[in-house]
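Presented below is the structure to which this report refers.
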Amino acid sequence: MYNMKFIEENLTSLKEVTKNKGVDIDFELFTGLNEKRKTLQSSVDELRRERNEKSKKVGELKKNKKDASKLLSELEFLKEKLIREEKDLKEIQQAIDDFISWIPNLVHSSVKNKPVEIIKPTGLKKLPSKPLTHIELGESLGILDFSSASKITGSNFSLYKGKGAKLERALINFMLDLHTKRHGYTEVFPPFLANEQSMFNTGQLPKMKEDMYITDKDGLYLNPTAEVPLTNILSDKVLTADELPIKYCGYTACFRREAGSYGKETKGLLRVHQFNKVELVNFVMPEDSYDALERLLKEALEVLKLLDIPYKVIQLPYDDLSFASAKTYDIEIFAPGVDRWLEVSSVSNFEDFQAKRANIRVKAEGKTKYVHTLNGSGVATPRLMISLLENYQTKEGEIKIPDVLVPYTDFETIDLNIK
RNA sequence: GGAGAGGUGGCCGAGUGGUCGAAGGCAACCGAUUGCUAAUCGGUUAAGGGGUCACAAGCUCCUUCCAGGGUUCGAAUCCCUGCCUCUCCGCCA
């Protein structure tokens, strides 16, 4: 986590970024509070010094069988005062820590105030004049069953059936194989739940608390992205420079409450509370992180190129960046049925923001510093499924499976006869 | 779920009330030396927060031996609670 020194040194830019990222905090209040903290700290330190010194003398006196009662009564008085001041100090420190926990990451200088299209729409297909939506396709082909899902759980959950279920599994396996075999990732299959500290470390907490599912007995959070478990694998570690970069790739189900979403934004698979995602996480030397960001983007795009899905890439403006991100690219893919561009991947450099919170360091040339962390979806499946179904539909309303997926699905089409 | 053992610095590991921020080893860094890779010798190496000061170096003080409470003039060391790890038993996909 940031410390007050860093905050005071970067006050102007932190104030700006805090406003841009939609957090409202009173910096003056806390820089003032920090002054109080310093005064109190000095006073407490002085009292402790006195206590330590006198306690030591008591030890010596007792050892030599001399009377220590005068010192002891002084110490009694000291102790009372110390306990009072320590309590005050703790309260102030707690308030300051809470305040710091709400300060988002700084933004990289290359980030603009409006979205920038980094890669123009690529790979758009010719389709029937009125392409069907994934909902129409999925229900008529019997591969998507939203009413069962809502009966079992509630609205905005999904259920894949038959070839739909297999296709979903095929997508996950295809992506994991791609990243592990071609991009040098270590595959990880992590827990789907994580504790509060882990959620804090990657920056989900405190800001996104309302969007998370929490188990009431154990206080565990259902992870909203595999970024959380994958990044926390290395929390509290000191790495050596030759171990870097470390590249983890993992599949998890992701859970998001999506409070406040409704209507056509959430139709079908557009926005669901539980979805599957393959995630890429990188730990790199600080000086390498922006090269790594570009590389990570390419790795994620490879999924779409191989599947031949139309995509474009947007560099997010600063007021769209997540709490922890310094720079983010969003990959969007086109879904002709719903006629929309859908975000399937967010590729971000967090610089040392998560590393500071999670305490992930590297020792190089005798010095210890924080690593930089990055992540990218590689990619999320529901929207990939939407785009795949809608782009690969035939004029008969059936689905032709992309060639690269056939080894994973064991079928080449999803047609109307088979349930 | 029941019974026991344990959690110490980058890593391993000693330490049961004051002389312990912590022996020893490993690793790393700096220097010396050796005609190669390497070996040997000497030194250095935790983090955070104050003060002094140039937001430097240096000096100095405080805190930190899983976390939180407690006992005590004084706690890594004693007590309580929690978390985690290991062993045994039970239960279970």
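A note on names: the letters A, B, ... follow the listed sequences, proteins ahead of strands, and every chain is numbered from 1.
Applying the salt bridge (Lys or Arg N to Asp or Glu O under 4.0 Å) test to pairs two or more places apart or on separate chains, those with a residue in residues 4-20 of chain A are A/Lys15-A/Glu28.
Nearest to the side chain of A/Asn3, among B/rC62, B/rG49, B/rC73, sits B/rG49. In this structure, the nucleotide among B/rC73, B/rG50, B/rU19 sitting nearest to the side chain of A/Lys56 is B/rU19. Side-chain proximity of A/Ser55 to B/rG18, B/rU72, B/rC61: nearest is B/rG18.
Judged purely by distance below 3.5 Å, without hydrogens or angles, the side chains of A/Ser147 and A/Asp145 pair a donor atom with an acceptor atom.
At B/rU45, none of the side-chain N or O atoms of A/Lys363 fall inside 4.0 Å of OP1 or OP2 (strictly under the cut-off). Dashed line: the shortest gap from a side-chain N or O of A/Asn52 to OP1 or OP2 of B/rC73 is not under 4.0 Å. Residue A/Arg37 has a polar side-chain atom (N or O) positioned under 4.0 Å from OP1 or OP2 of B/rG50.
Counting non-hydrogen atoms under 4.0 angstrom, A/Lys38 reaches the backbone sugars and phosphates but no base. Looking at heavy-atom distances under 4.0 Å, A/Val238 makes contact with sugar-phosphate atoms alone, never a base. Residue A/Lys62 is classed as a base contact, given a heavy-atom separation below 4.0 Å to a base. At the heavy-atom level, A/Glu8 lies nowhere under 4.0 Å from the strands shown.
Geometric assessment of A/Lys247 against the ring of A/Phe283 yields a negative cation-pi assignment under the 6.0 Å and 45° thresholds.
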Give every donor-acceptor pair under 3.5 Å between a side-chain atom in residues 354-364 of chain A and any protein atom, sequence neighbours left out.
from	atom 1	to	atom 2	distance (Å)
A/Gln354	OE1	A/Thr373	OG1	2.7
A/Gln354	NE2	A/Thr202	O	3.0
A/Gln354	NE2	A/Glu227	OE2	2.7
A/Arg357	NH1	A/Phe200	O	2.9
A/Arg357	NH1	A/Leu205	O	3.0
A/Arg357	NH2	A/Ser101	O	2.8
A/Asn359	OD1	A/Arg361	NE	3.2
A/Asn359	ND2	A/Asp236	OD1	3.2

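For B/rG51, its base never sits under 3.5 Å from the side chain of A/Asp45 at any donor and acceptor pair.
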